[in-house]
S.K.: 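Pasting a structure here, questions to come.
It should be emphasised that the depicted structure is a prediction, and the values quoted were computed from it without experimental measurement. Just so you know, residue 1 is the first one in the sequence shown, and it goes up from there. Whatever order the structure lists ligands and atoms in, that order sets their numbers, starting from 1.
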Amino acid sequence: MMIIKRPLESVVVIDRQGDMGVFDTMNDAIESAHIAQKEYSKYNISKREEIIESFKNELRNHIEELSMMTYNETGMGRYEDKILKNKLALDKTPGVEDLNIIDSEGNNNGSFYELAPFGVIGAIAPSTNPTETIINNSISMLASGNTVVFSPHPGAKKVSSYTVQLINSAIIKAGGPKNLVVTIKEPSTNNTNIMLKHEKVIMICATGGQNIVKIALSSGKKTIGAGAGNPPVIVDETADIEKAAKDIIDGCSFDNNLPCIAEKEIIVINKVANDLKKHMSKNLALEIKDKEILKRLERLLITKNGTLNKKYVGKNADYIMNSVGVKIDSNIKVIFVEVDKNHLFAQKELMMPILPLIRVLNIDEAIKVAVELEHGNKHTAIMHSRSSENLNKFTQAIDTTIFVKNAPSYAGIGYGTKCTSTFTIAGPTGEGLTTAKTFARKKKCVYADSIAN
Ligand code: COA
């Protein structure tokens, strides 16, 4: 605690120590993370692992609480899916094992590469996966020896602060330094700008909506940008249609379609389209055929100036339908509508359990439409097919960071598979699925012997 005197002789108490990593000002948060990084840089890999394990173990006791807090604070998604997402972040984010010393030029060539920390990383976290991103980024960034300042989305500030406090108290309890992970009480665009410009923040990692990622990319610092996707799923005539329908509904409805990897539009070959629709309906999806109701949905979800009505992002299907005066069973997971590729429901990433379906004549048309709708985000694409030729054609054409074959989209972030997980998928800046290695500098060390030779 520090006491400063104001001109009017009033005495104000300012907590520059932070409250378990949560600070009043961005400058104090950064300075504290900077001091912490100096101390942390003395920790070897196994000590770092101990630190990371300490907070992972603590957070495992709070998964339900964090999931409920997120649901209550953001009003988006599904509590039970948030539990699964938090578990994924805790259990499947690679830690120090992702780092290794790389022999640069074969054996005994007198040099090797070492992976070193950047220092203090400024991380922007979204409201769609707030705790998952903080957990995932903290594991990756601390594993490579950095400390991290989070600028969370203002719409998830309470649960984000609480997550940072849990991480800090666990690290301190385990004998580690304070302030390895910090944040601010009142996140805002202004505070984010302070972070982007601060000389002690060496690297930026922005996970969020398009605007905030764009702002981060103009910081002039090394920036990892993980922004929006609009993942298309293709179903061709060779697919197991029954399985495809179930996988699509499971993936699309996961946390009410909030994940950036979730199926956002279906492109299906005409020959199997009706069969697919029939099986989707068996999996708690409801088709809206009535043109008048579709019009009402369009007016509700897209504003007059063509932007997304954010009020409905991550809401349940029955809530959305109620809002256009249609009562449906609350068990319905997804609403689907048949539209053409230019429809705004297909062109825009809705992040709602509203799934446009586009009929095409053949695989070439399907791929063309899917590539157009992905908008070059290089994020995620999904395909259901038994034809390796078609699968290869689509992978090559769409060139996304994640390509999921014959499974729900969430397989791409490790759910239901043996893969590792990340919540920061950096398409635009090319790092792809971020891990500890992404946040490490490659240094070369040359032995005296090799110089003499
Ligand atoms: N820190 C500080 N400010 C932030 C912020 C952050 N982490 N994230 C957003 N903001 C700011 C925005 O710049 C915006 O400021 P402005 O009004 O001055 O322009 C404001 O907070 C509102 O943010 P925004 O996200 O645009 O609006 P919203 O809260 O109404 O929208 C969503 C909610 C969910 C629709 C939107 O955040 C979104 O599209 N998220 C996608 C996230 C995503 O999936 N990313 C990819 C993950 S891999």
Side-chain angles (χ1 to χ4, degrees), residues 26 29 70-71 73-77 85 88-89 121-134 136-137 140 148-161 163-164 183-197 201 204-219 223-231 254-262 264 301-303 307-315 348-352 374-375 377-380 400-402 409-410 412-413 421-429 431-434 438:
M26 183 54 94
T70 306
Y71 176 72
E73 188 176 0
T74 65
M76 298 189 289
K85 291 200 307 180
L88 258 185
I121 299 179
I124 290 167
S127 56
T128 45
N129 312 308
T131 53
E132 301 86 341
T133 304
I134 292 177
N136 169 258
N137 283 181
S140 305
V148 51
V149 182
F150 280 103
S151 178
H153 191 287
K157 65 181 179 185
K158 287 190 205 135
V159 73
S160 300
S161 287
T163 310
V164 166
T183 190
I184 35 154
K185 256 182 215 147
E186 291 300 332
S188 62
T189 309
N190 189 33
N191 272 323
T192 304
N193 281 328
I194 296 173
M195 182 181 86
L196 296 177
K197 290 191 188 116
V201 174
I204 303 294
C205 178
T207 312
Q210 229 156 9
N211 290 346
I212 196 82
V213 173
K214 217 189 238 168
I215 295 171
L217 286 171
S218 60
S219 69
T223 302
I224 292 175
N230 192 31
F254 192 51
D255 208 18
N256 277 343
N257 204 245
L258 286 181
C260 44
I261 46 110
K264 300 289 196 295
L301 304 180
I302 308 285
T303 65
T307 58
L308 192 65
N309 186 349
K310 291 173 182 171
K311 211 175 127 193
Y312 293 92
V313 168
K315 296 294 187 204
K348 292 205 166 292
E349 188 187 29
L350 296 182
M351 292 179 284
M352 302 167 194
E374 212 272 328
H375 302 305
N377 291 322
K378 295 211 182 303
H379 204 293
T380 301
T400 44
T401 303
I402 297 180
S409 54
Y410 49 59
I413 53 164
S421 194
T422 183
F423 283 80
T424 297
I425 299 154
T429 48
E431 292 79 6
L433 295 120
T434 56
T438 316

S.K.: What's the shortest distance from atom 45 (N) of ligand 1 to any protein heavy atom, and which residue and atom give it?
M.R.: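 Ranking protein heavy atoms by distance from atom 45 (N) of ligand 1, first comes Gly208 O, 3.0 Å.
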
S.K.: With respect to Met351, determine whether any N or O atom, backbone or side chain, lies less than 3.5 Å from an N or O atom of ligand 1.
M.R.: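 For ligand 1, there is no N or O atom that lies under 3.5 Å from one belonging to Met351.
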
S.K.: Would Thr424 and Asn137 count as a side-chain hydrogen bond (donor to acceptor under 3.5 Å, both in side chains) if you check the C-alpha gap in whole Å, the side-chain angles of each, and the deciding distance to 0.1 Å?
M.R.: CA-CA 8 Å; Thr424 297; Asn137 283 181; 3.0 Å; yes

S.K.: Which of the atoms of ligand 1 are close to Thr128, meaning less than 4.0 Å from one of its heavy atoms?
M.R.: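 This gives 34 (C), 42 (C), 43 (C), 44 (O) as the contact atoms.
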
S.K.: Could you tell me whether a side-chain N or O of Thr307 sits under 3.5 Å from a main-chain N or O of Thr303, the two making a donor and an acceptor?
M.R.: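 No: the side chain of Thr307 does not pair with the backbone of Thr303.
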
S.K.: For Lys157, check side-chain hydrogen bond (donor to acceptor under 3.5 Å, both in side chains) against everything at least two apart and list the hits.
M.R.: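 Partners of Lys157 by the side-chain hydrogen bond (donor to acceptor under 3.5 Å, both in side chains) criterion, ordered by chain and then number, come out as Glu186.
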
S.K.: Could any protein non-hydrogen atom be found less than 4.0 Å from atom 32 (C) of ligand 1?
M.R.: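 False for atom 32 (C) of ligand 1.
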
S.K.: What do you reckon, does Pro154 put a non-hydrogen atom under 4.0 Å from ligand 1?
M.R.: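 Pro154: in contact with ligand 1 (<4.0 Å).
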
S.K.: Return the residue, atom name and 0.1 Å-rounded distance of the protein heavy atom closest to atom 48 (S) of ligand 1.
M.R.: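 Nearest neighbour among protein heavy atoms for atom 48 (S) of ligand 1, to 0.1 Å: Cys260 SG, 2.8 Å.
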
S.K.: For atom 13 (O) of ligand 1, what is the closest protein heavy atom, and at what distance to 0.1 Å?
M.R.: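 The closest heavy atom on the protein side is Ile212 CD1, 3.7 Å.
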
S.K.: Heavy-atom contact under 4.0 Å between Gly155 and ligand 1?
M.R.: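 Gly155: no contact with ligand 1 (<4.0 Å).
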
S.K.: Would you name the heavy atoms of Gly432 and Thr401 that are closest together and state the gap between them?
M.R.: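 Closest heavy-atom pair between Gly432 and Thr401: CA-CG2, 3.4 Å.
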
S.K.: Looking only at atom types and distance, does a side-chain atom of Lys214 sit under 3.5 Å from a main-chain N or O of Gly209, one as donor and one as acceptor?
M.R.: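 Checked: no pair found.
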
S.K.: Is there side-chain contact between Met352 and Lys315, with heavy atoms separated by less than 4.5 Å?
M.R.: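 No - every pair of side-chain heavy atoms lies 4.5 Å or more apart.
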
S.K.: Of all the atoms in ligand 1, which lie at a distance below 4.0 Å from a heavy atom belonging to His153?
M.R.: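 This gives 5 (C), 6 (C), 7 (N), 8 (N), 9 (C), 23 (O), 24 (P), 25 (O), 28 (P), 29 (O), 37 (O) as the contact atoms.
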
S.K.: Determine, considering heavy atoms only, which of Ser127, Pro130, Pro152 sits nearest to atom 6 (C) of ligand 1.
M.R.: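 Considering heavy atoms of Ser127, Pro130, Pro152, the nearest to atom 6 (C) of ligand 1 sits in Pro152.
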
S.K.: Using the side chain to side chain contact (heavy atoms under 4.5 Å, CB included) rule, pick out the option among Asn257, Asn377, Asn230 that qualifies with Glu349.
M.R.: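 The side chain to side chain contact (heavy atoms under 4.5 Å, CB included) with Glu349 is passed solely by Asn230 among Asn257, Asn377, Asn230.
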
S.K.: Check whether any N or O atom of Thr424, backbone or side chain, sits under 3.5 Å from an N or O atom of ligand 1, and answer yes or no.
M.R.: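 So ligand 1 has no N or O lying under 3.5 Å from an N or O of Thr424.
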
S.K.: Does atom 19 (O) of ligand 1 have any protein heavy atom closer than 4.0 Å?
M.R.: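 There is no protein heavy atom less than 4.0 Å from atom 19 (O) of ligand 1.
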
S.K.: Take Lys264 and Met351 through the side chain to side chain contact (heavy atoms under 4.5 Å, CB included) test and state the conclusion after the steps.
M.R.: CA-CA 7 Å; Lys264 300 289 196 295; Met351 292 179 284; 4.0 Å; yes

S.K.: Kindly determine whether Lys85 and Glu132 satisfy salt bridge (Lys or Arg N to Asp or Glu O under 4.0 Å), including the steps that lead there.
M.R.: CA-CA 7 Å; Lys85 291 200 307 180; Glu132 301 86 341; 3.7 Å; yes

S.K.: Are any non-hydrogen protein atoms located under 4.0 Å from atom 4 (C) of ligand 1?
M.R.: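 It does; a protein heavy atom is within 4.0 Å.
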
S.K.: Taking distance alone, with no angle check, do Asn211 and ligand 1 share an N/O pair under 3.5 Å?
M.R.: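 No, Asn211 has no N/O under 3.5 Å of an N/O on ligand 1.
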
S.K.: In ligand 1, which numbered atoms sit nearer than 4.0 Å to a non-hydrogen atom of Thr189?
M.R.: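 Going through ligand 1 atom by atom, the ones under 4.0 Å from Thr189 are 3 (N), 11 (C), 13 (O), 15 (O), 18 (O).
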
S.K.: Checking the N or O distance criterion of under 3.5 Å, is ligand 1 in contact with Ser151?
M.R.: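 So ligand 1 has an N or O lying under 3.5 Å from an N or O of Ser151.
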
S.K.: Considering only heavy atoms of Thr192, which atoms of ligand 1 have at least one such atom less than 4.0 Å away?
M.R.: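 Listed by number with element, the hits are 1 (N), 2 (C), 3 (N).
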
S.K.: Atoms of ligand 1 less than 4.0 Å from Ala125 heavy atoms?
M.R.: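 Ligand 1 atoms under the 4.0 Å threshold to Ala125: 7 (N).
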
S.K.: Does some non-hydrogen atom of the protein lie less than 4.0 angstrom from atom 23 (O) of ligand 1?
M.R.: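 When distances to the protein are checked, atom 23 (O) of ligand 1 has a heavy atom within 4.0 Å.
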
S.K.: Atom OH of residue position Tyr71 - does it have more than 12 heavy atoms of other residues, nucleotides or ligands inside 6.0 Å?
M.R.: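 No.
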
S.K.: Is the shortest N/O to N/O distance between Lys310 and ligand 1 below 3.5 Å?
M.R.: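 Yes, at least one N or O pair falls under 3.5 Å.
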
S.K.: Students should be able to answer this: which protein heavy-atom is nearest to atom 46 (C) of ligand 1, and at what distance?
M.R.: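 Checked against all protein heavy atoms, atom 46 (C) of ligand 1 sits closest to Gly227 O, 3.3 Å.
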
S.K.: Could you say whether the N/O atoms of Pro126 and ligand 1 ever approach to under 3.5 Å?
M.R.: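 No; every N/O pair is 3.5 Å or more apart.
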
S.K.: Please determine whether side-chain hydrogen bond (donor to acceptor under 3.5 Å, both in side chains) holds for the pair Thr434 and Thr422, giving the CA-CA distance in whole Å, both sets of side-chain angles, and the decisive distance to 0.1 Å.
M.R.: CA-CA 6 Å; Thr434 56; Thr422 183; 3.0 Å; yes

S.K.: Restricting to side chain to side chain contact (heavy atoms under 4.5 Å, CB included), what partner residues turn up for Val149, sequence neighbours left out?
M.R.: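 Counting only residues at least two positions away or on another chain, Val149 forms a side chain to side chain contact (heavy atoms under 4.5 Å, CB included) with Met26, Ala29, Ile30, Ala33, Val120, Val182, Met195.
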
S.K.: Test your reading of the model: is there a side-chain donor-acceptor pair from Thr74 to the backbone of Met76, 3.5 Å cut-off?
M.R.: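 Checked: pair present.
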
S.K.: Kindly identify the option in Gly225, Gly209, Gly427 whose heavy atom sits closest to atom 41 (C) of ligand 1.
M.R.: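 Closest candidate by heavy-atom distance is Gly209.
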
S.K.: Quick one: CZ on Phe423 to CG on Leu88, what's the gap to the nearest 0.5 Å?
M.R.: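 Those atoms lie 5.0 Å apart.
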
